[in-house]
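Working notes, beginning with the structure itself.
Counting starts at 1 for both ligands and their atoms, in listed order.
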Amino acid sequence: MSDEDDKRARVVAARMKLRERFEAKMAATPSLADDRPMGEGPPNRHGMPRVPPGQYVTKKWPVLDLGSKPRIDLTTWALRVEGEVERPLRLSWTELRALPQVTEASDFHCVTTWSRMDMQWTGVRLAEVLAMAEPSEAAAFVFFTAADGYTTNLPLEEALKSDVLLGHTVDGEALPLEHGGPLRVITPQLYAWKGSKWIERIELLAQDRLGFWEQRGYSNTAHPWRNDRYS
Ligand SMILES: Nc1nc2c(c(=O)[nH]1)N[C@H]1C(S)=C(S)[C@@H](COP(=O)(O)O)O[C@H]1N2
Ligand SMILES: [Mo]
């Protein structure tokens, strides 16, 4: 086998292993387990686009962040994946763009009650990048750090969902800086604060660690279909 084939085989094996370990937990999350979620319809994009309870639809895309826009230079930009992993990873912009890319529609629900429906995102599945780093047996949580100092956290069973993307393109255009470009996380089945703009560092953890809003009383689970906003 060539080095490339070898690498690919390792990533596939790591993905299968993660899937095996987290399949039951993933299926038990509210967005997949609730057969009658709150709100007007099905829990996520399986069916017609619908809006979770307490949300209104906006055509405009508000900007929500801590107020500082980091300056990012793509020639030195890197995404690091570290912590409870067998192979700590540092991806350059070119390397990130060379990974398998997907384009998918999803909805964006902000806890401040606006939802932006049917956004077309292009990027790399977070599950793909996590698998490349080969999470250790102990890995159960993910902690995200952004260039503006923002942090947020997810359990692996949410982070591994196939609609969780590292997005660089939205509705056919490069993701603008104010929305987290060059690269941000999107979590369509959770409130949008769980998706870090300007993502820089992804840490796998054995124990959960609360992020910026989670430390300030936002729900750690953040399920829009359960109106699960604050803890
Ligand atoms: N780095 C970073 N990511 C972040 C935030 C932030 O302040 N900094 N805010 C979060 C919140 S509260 C929301 S609702 C969405 C908003 O994304 P938008 O500004 O593209 O609408 O980004 C999330 N990700
Ligand atoms: Mo938000």
message: Check this for me: does any side-chain nitrogen of one of Glu178 and Lys197 sit under 4.0 Å from a carboxylate oxygen of the other?
response: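 Lys197 and Glu178: not salt-bridged.
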
query: Going by an N to O cut-off under 4.0 Å, is there a salt bridge joining Glu82 and Arg87?
result: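 Not counted as a salt bridge, because no side-chain N and carboxylate O are separated by less than 4.0 Å.
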
query: How about Tyr150 and Trp193: are their ring centres within less than 6.0 Å of each other?
result: no

Parallel, tilted or perpendicular: ring planes of Tyr230 versus Tyr218, cut at 30 and 60 degrees: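 Judged by the thresholds at 30° and 60°, the geometry between Tyr230 and Tyr218 is perpendicular.
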
- request: Indicate the ring-plane relationship of Trp225 and His109, choosing parallel, tilted or perpendicular according to the 30° and 60° boundaries.
  value: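 It falls in the perpendicular class, over 60°.
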
Shortest protein heavy-atom distance from [atom], along with the residue and atom involved:
atom                   : answer
atom 3 (N) of ligand 1 : Lys197 N, 2.8 Å
atom 9 (N) of ligand 1 : Leu64 O, 3.2 Å
atom 8 (N) of ligand 1 : Asp148 OD2, 2.8 Å

Donor on one side chain, acceptor on other, Lys161 and Thr29, under 3.5 Å: yes

Atoms of ligand 1 less than 4.0 Å from [X] heavy atoms?
X      : value
Ala146 : 1 (N)
Cys110 : 14 (S)
Leu66  : 7 (O)

Nearest non-hydrogen atom to [atom] belongs to which of [options]?
atom                    : options                        : result
atom 6 (C) of ligand 1  : Tyr150, Tyr191, Trp198, Trp61  : Tyr150
atom 15 (C) of ligand 1 : His179, Arg116, Arg184, Glu178 : Arg184
atom 24 (N) of ligand 1 : Gly181, Pro62, Gly211, Gly195  : Gly195

When only distance counts, is [X] in polar contact with ligand 1, meaning an N/O pair under 3.5 Å?
X      : answer
Val63  : no
Asp65  : no
Trp193 : no

Under-4.0 Å heavy-atom contact with ligand 1, by part of [X] that carries it:
X      : answer
Phe108 : side chain
Phe212 : neither
Trp114 : side chain

task: Return the set of residues passing ring-ring contact (aromatic ring centres under 6.0 Å, His included) with Phe144 (not counting sequence neighbours), or none when no residue passes.
output: none

message: I want to check a possible cation-pi pair here: Arg209 against Phe143, using under 6.0 Å from ring centre and within 45° of the ring axis as the test.
response: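 That pair qualifies as a cation-pi contact.
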
task: Take Ser115 and Thr58 through the test side-chain contact (heavy atoms from CB on, under 4.5 Å) and record every step on the way to the result.
output: CA-CA 6 Å; Ser115 288; Thr58 174; over 6 Å; no

field: Residue pair Val57 / Val51: nearest heavy atoms and the distance that separates them
entry: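 Heavy atoms of Val57 and Val51 come nearest at CG2-CG2, 3.4 Å.
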
